[in-house]
Undergrad: 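My questions all concern the structure below.
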Amino acid sequence: MNKIKVCLFFILLALHFQISAQQNEVKNILFVIVDDLRVQAGVFGQDQMITPNLDKLGQEGVIFNRAYCQVPTCGASRASFMSGLYPTRERFVNYKASHDVDAPEVTSLPMWFKENGYTTISLGKVYHDPNDDVNAWSQKPFRAKTDKGWNKCYYSQENKELIKQGKKGLAYDKADFPDDAYIDGKVAKKAIETLQDLSKSEKPFFLAMGFQKPHLPFSAPAKYWDMYQREDIKLADNPFPPIGAPAEAIFKISGRTDIFNSTEIRNFSGIPKIGAMDDSTATTLLHGYYACVSYIDKLLGDVLSELERLDLHKNTAVVLIGDHGWHLGEHQQWGKHSLYDRVLKAPLIVKVPGKAANVKTNALAEYVDLYPTFCDLAGLELPEHLHGKSFVPVLDDPSKKHKEQVFARFAHGETIITDRFLYTEYVNKYKGTLKSKMLVDLKKDPKENENAFWKYEGTEILNELKLKLSKYQNLNHK
C-alpha cells in the first residue's frame with residue numbers, strides 16, 4: 001500500500017512539473033514599439049524620468065543595456081527589423097522606407113507568424129507607413145484618429161490658434177485632456193479590447209502595438225507635465241560638438257555649417273532655425289519629452305495589467321523596444337539622425353515566462369536579431385533570409401556573450417560598435433569615396449565628447465575595426 005502511495009506521489013509530482021512547464025511555454029507574443037524612446041528611465045539606472053511600469057517590466061524580465069537599432073530613423077528602422085535584413089546604401093535609407101518597396105522578396109516577421117498559424121494584429125504605429133505589408137496581418141491594421149478635427153497632436157489653445165493661422169505648431173503641447181483623447185490613449189484602449197477578444201481563442205497571437213510618443217511634438221495630457229517640477233530638470237552637460245569630430249558627425253550631411261543636424265525639430269514654431277537652443281527652450285523641450293514618456297509608461301501599464309488580469313501573462317512573451325534613441329541637447333543635437341551611441345543604442349526589455357528576470361545584460365544585440373528571437377521563442381523554424389541571430393540564449397543566461405560587434409548606418413555614414421569602441425566612416429555622397437572618420441572609446445568617453453581616431457591611428461585595434469566594417473560594407477545583402 002505504501003509503495004502505491006509513493007508511486008502516486010511521484011506520478012502527481014511529475015504531472016505538476018509537466019503542467020508548470022506547459023504554463024511556462026511561450027504561446028503568444030506581445031511586441032511593443034515606442035517611437036523615439038531613448039535609454040533613459042529608472043529601469044536603465046537613471047532617475048530623471050518617472051516610469052514605474054517600464055521599471056516593473058524590467059524587474060520581470062531581462063534589460064539589454066547595449067541593444068542597437070540598424071538605422072536611426074523611424075521608417076528605415078522598422079522596415080529593417082520587420083524584414084530581418086541589414087540596411088544598405090540602397091535599402092532602408094530614410095523614414096519613408098518600407099518592407100513592400102525595399103524588401104518585397106522576403107517574408108516579413110508578421111507574415112511568417114501568420115503563415116505558421118498565428119493571429120497577427122497591428123495596432124498603432126508599427127510600420128511607419130500604415131499601408132505597408134498589410135497582408136501580413138489577420139485584420140486591417142488599426143490606426144487611431146483624434147476627435148473634432150484638431151491636429152492629431154495639439155489640444156492647447158495656443159497651438160490651435162497657430163494652426164488656424166496656417167503656422168506650424170509648437171514642438172510641445174500641454175492640455176487638460178484625458179488619456180484617450182490622444183492617439184496613443186486610443187491605441188492602448190484598442191489593445192485592451194483586442195487582448196480580451198484574443199483571450200477567448202485557442203489560437204496563438206502575435207500582437208504588435210506602436211506608441212507614437214515621445215515623437216515630436218512632445219504632446220501629452222497636462223497631468224503628466226505636472227509630474228515634473230521645471231526647476232528640477234537638468235540640461236545636458238555636454239551641449240557642444242565633440243572635440244575633433246568631422247563636420248559630417250555634427251552638421252547636416254549636405255555640408256552646411258550653420259545648422260546642427262536636428263532639422264526635424266527646427267521646423268516647429270518657437271525653435272531657432274540656426275544655432276544653439278537657449279536654456280529656457282531646452283528645459284521646456286525636456287519637460288515635454290519626460291511628460292510624453294510618463295504618459296506612454298502609464299498606457300503601457302494599463303495594457304500589461306490587462307494581460308495579467310486575463311491570465312495571458314503566463315504564456316505570453318513581452319518584448320518592448322524603442323525604434324531608436326534620441327538626443328536631448330547632447331552635442332547641441334535634438335533628434336535622432338546621427339551615428340552616435342546615444343542615438344543608435346535603444347531600449348530593449350524582454351519578459352519571457354520561464355526565462356531570467358530582474359537582471360541586466362551587457363551582451364551586444366541589434367534589432368535584426370529580433371526576428372530570429374521571436375521565432376526561437378515560438379518554436380518556429382527560421383526563414384533562410386535572416387541576417388540576425390537569436391538572443392534567446394542570453395535570456396537563459398544573461399552573462400553570456402551574444403555578438404562581438406553590431407552595425408548601423410545612416411545617410412552616408414556606416415558604423416561598427418564593439419564592447420568598447422564605436423567607429424564610423426563617412427563617404428562622399430556622389431563618389432562613394434571615404435570622406436571622414438570618427439572613433440569613440442566608449443569605455444573612456446561614454447558621453448562621446450571626443451573623436452579619438454588620431455589616438456588610435458595605425459594601431460591594431462583600429463585596423464581590426466576598419467577590416468570588420470569593410471567586410472560588413474561588402475556583404476551582398478540582396
Side-chain angles (χ1 to χ4, degrees), residues 25-35 37 53-54 56-57 60-61 78 81-84 99 107-128 130 132-144 180 183-213 296-323 347-353 355 367 370-380:
E25 288 179 357
V26 173
K27 176 185 176 184
N28 312 306
I29 304 287
L30 174 58
F31 184 26
V32 183
I33 307 164
V34 186
D35 211 333
L37 183 66
N53 295 297
L54 277 170
K56 182 176 183 290
L57 181 62
E60 296 172 345
R78 293 159 190 262
F81 65 67
M82 294 292 264
S83 302
H99 168 271
T107 304
S108 70
L109 170 60
M111 179 61 85
W112 187 251
F113 271 75
K114 184 180 178 182
E115 290 177 350
N116 279 276
Y118 276 69
T119 297
T120 55
I121 307 289
S122 171
L123 306 177
K125 187 177 178 180
V126 176
Y127 281 105
H128 181 79
D132 191 18
D133 199 25
V134 291
N135 293 327
W137 308 105
S138 300
Q139 55 188 247
K140 183 180 178 180
F142 172 80
R143 286 287 181 107
D180 60 3
I183 284 177
D184 288 322
K186 295 179 186 298
V187 169
K189 185 177 180 180
K190 182 67 173 179
I192 289 170
E193 294 171 354
T194 301
L195 286 172
Q196 291 168 355
D197 291 338
L198 291 171
S199 69
K200 300 170 186 175
S201 172
E202 292 298 320
K203 195 174 180 180
F205 65 79
F206 178 93
L207 172 57
M209 59 178 301
F211 290 124
Q212 288 192 4
K213 298 300 151 188
I296 294 304
D297 180 83
K298 191 270 182 184
L299 299 178
L300 172 68
D302 290 345
V303 174
L304 295 181
S305 292
E306 186 65 11
L307 188 77
E308 190 166 343
R309 189 189 72 80
L310 295 168
D311 216 29
L312 290 171
H313 65 293
K314 294 179 180 178
N315 57 10
T316 300
V318 180
V319 178
L320 180 141
I321 68 169
D323 56 355
L348 172 59
I349 305 174
V350 184
K351 175 189 174 184
V352 180
K355 302 294 185 184
Y367 282 3
L370 289 168
Y371 194 146
T373 298
F374 282 131
C375 292
D376 203 356
L377 288 172
L380 304 183

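By convention here, the first residue in the shown sequence is residue 1.
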Undergrad: Where is the tightest heavy-atom contact between L299 and G185, given as atom of each residue plus distance?
TA: CD1-N, 3.7 Å

Undergrad: For L380 and E115: C-alpha separation, side-chain torsions, deciding distance, then whether side-chain contact (heavy atoms from CB on, under 4.5 Å) applies.
TA: CA-CA 11 Å; L380 304 183; E115 290 177 350; over 6 Å; no

Undergrad: Does S122 have any side-chain hydrogen bond (donor to acceptor under 3.5 Å, both in side chains) partners at least two apart in sequence or in another chain, and if so, which?
TA: none

Undergrad: Does H313 have any ring-ring contact (aromatic ring centres under 6.0 Å, His included) partners at least two apart in sequence or in another chain, and if so, which?
TA: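 H313 satisfies ring-ring contact (aromatic ring centres under 6.0 Å, His included) with no other residue.
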
Undergrad: Which value, rounded to the nearest 0.5 Å, describes the distance between K125 atom NZ and I183 atom CD1?
TA: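 That separation rounds to 10.5 Å.
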
Undergrad: Would you give the length of the straight line joining atom NZ of K351 to atom CG of L57, rounded to the nearest 0.5 angstrom?
TA: 7.0 Å

Undergrad: Applying side-chain contact (heavy atoms from CB on, under 4.5 Å) to D133 and M82, what does each step give before you reach the verdict?
TA: CA-CA 10 Å; D133 199 25; M82 294 292 264; 5.8 Å; no

Undergrad: Does V26 reach the side chain of P353, with side-chain heavy atoms less than 4.5 Å apart?
TA: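 Yes. Closest side-chain heavy atoms under 4.5 Å.
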
Undergrad: May I have the step-by-step check of side-chain contact (heavy atoms from CB on, under 4.5 Å) for L54 and L320, ending in yes or no?
TA: CA-CA 9 Å; L54 277 170; L320 180 141; 3.8 Å; yes

Undergrad: Kindly give the heavy-atom pair with the smallest separation between T107 and Y371, and that separation in Å.
TA: O-OH, 2.8 Å

Undergrad: Counting only N and O atoms by type, is there a donor-acceptor contact under 3.5 Å from the side chain of Y118 to the main-chain atoms of L207?
TA: no

Undergrad: For A191, give me all partners under side-chain contact (heavy atoms from CB on, under 4.5 Å), at least two apart in sequence or on another chain.
TA: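 Residues passing side-chain contact (heavy atoms from CB on, under 4.5 Å) with A191: L123, M209, V303.
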
Undergrad: Could you measure the distance from the CZ atom of F31 to the OG1 atom of T120? Nearest 0.5 Å is fine.
TA: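 OG1 of T120 is found 14.0 Å from CZ of F31.
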
Undergrad: Could you tell me the separation between the CZ atom of R143 and the CD atom of Q212, rounded to the nearest 0.5 Å?
TA: 6.5 Å

Undergrad: Parallel, tilted or perpendicular for Y127 and H99, by the 30°/60° rule?
TA: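 Because their plane-to-plane angle lies in the 30° to 60° range, the rings of Y127 and H99 count as tilted.
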
Undergrad: A188 and F211: which non-hydrogen atoms are nearest, and at how many Å?
TA: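 What the structure gives for the nearest pair is CB-CE2, 4.2 Å.
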
Undergrad: Quick check: closest heavy atoms across L195 and F205, and the distance to 0.1 Å?
TA: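 Closest pair (atom of L195, atom of F205, distance): CD2-CZ, 4.0 Å.
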
Undergrad: For the residue pair F81 and Y367, categorise the inter-ring angle as parallel (less than 30°), tilted (30 to 60°) or perpendicular (more than 60°).
TA: perpendicular

Undergrad: Going by the side chain to side chain contact (heavy atoms under 4.5 Å, CB included) test, name the single residue among L300, N28, L304 that passes it with V318.
TA: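 That would be L304.
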
Undergrad: With rounding to the nearest 0.5 Å, note down the distance linking CG in L30 to CD1 in I121.
TA: 12.0 Å

Undergrad: Evaluate the side-chain proximity of L370 to L109: yes if any heavy-atom separation is below 4.5 Å, no if none is.
TA: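 With C-beta onward as the side chain, the pair stays apart.
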
Undergrad: Apply side-chain contact (heavy atoms from CB on, under 4.5 Å) to V126 and W137, showing your working.
TA: CA-CA 11 Å; V126 176; W137 308 105; 4.2 Å; yes

Undergrad: side-chain hydrogen bond (donor to acceptor under 3.5 Å, both in side chains) with K27: which residues, sequence neighbours excluded?
TA: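 Once residues adjacent in sequence are excluded, K27 has no partner under the side-chain hydrogen bond (donor to acceptor under 3.5 Å, both in side chains) criterion.
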
Undergrad: Could you check if a side-chain atom of V319 sits within less than 4.5 angstrom of a side-chain atom of L348, using non-hydrogen atoms only?
TA: yes

Undergrad: So, D184 side chain and K213 main chain: donor-acceptor pair closer than 3.5 Å or not?
TA: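 Yes; at least one donor-acceptor contact below 3.5 Å.
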
Undergrad: If you look at every heavy atom in G210 and V187, which pair is closest and at what distance?
TA: O-CG1, 4.1 Å

Undergrad: With sequence neighbours left out, what residues match S305 under side-chain contact (heavy atoms from CB on, under 4.5 Å)?
TA: none

Undergrad: To the nearest 0.5 angstrom, please state how far the CG atom of L198 sits from the CG atom of L310.
TA: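 Interatomic distance, L198 CG to L310 CG, rounded to 0.5 Å: 9.5 Å.
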
Undergrad: Using only atom types and a distance under 3.5 Å, with no angle test, would you say the side chain of K114 pairs donor to acceptor with the backbone of N135?
TA: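 Present.
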
Undergrad: Got a sec, which residues hit side-chain contact (heavy atoms from CB on, under 4.5 Å) with K189, two or more places apart in sequence or on another chain?
TA: D180, E193

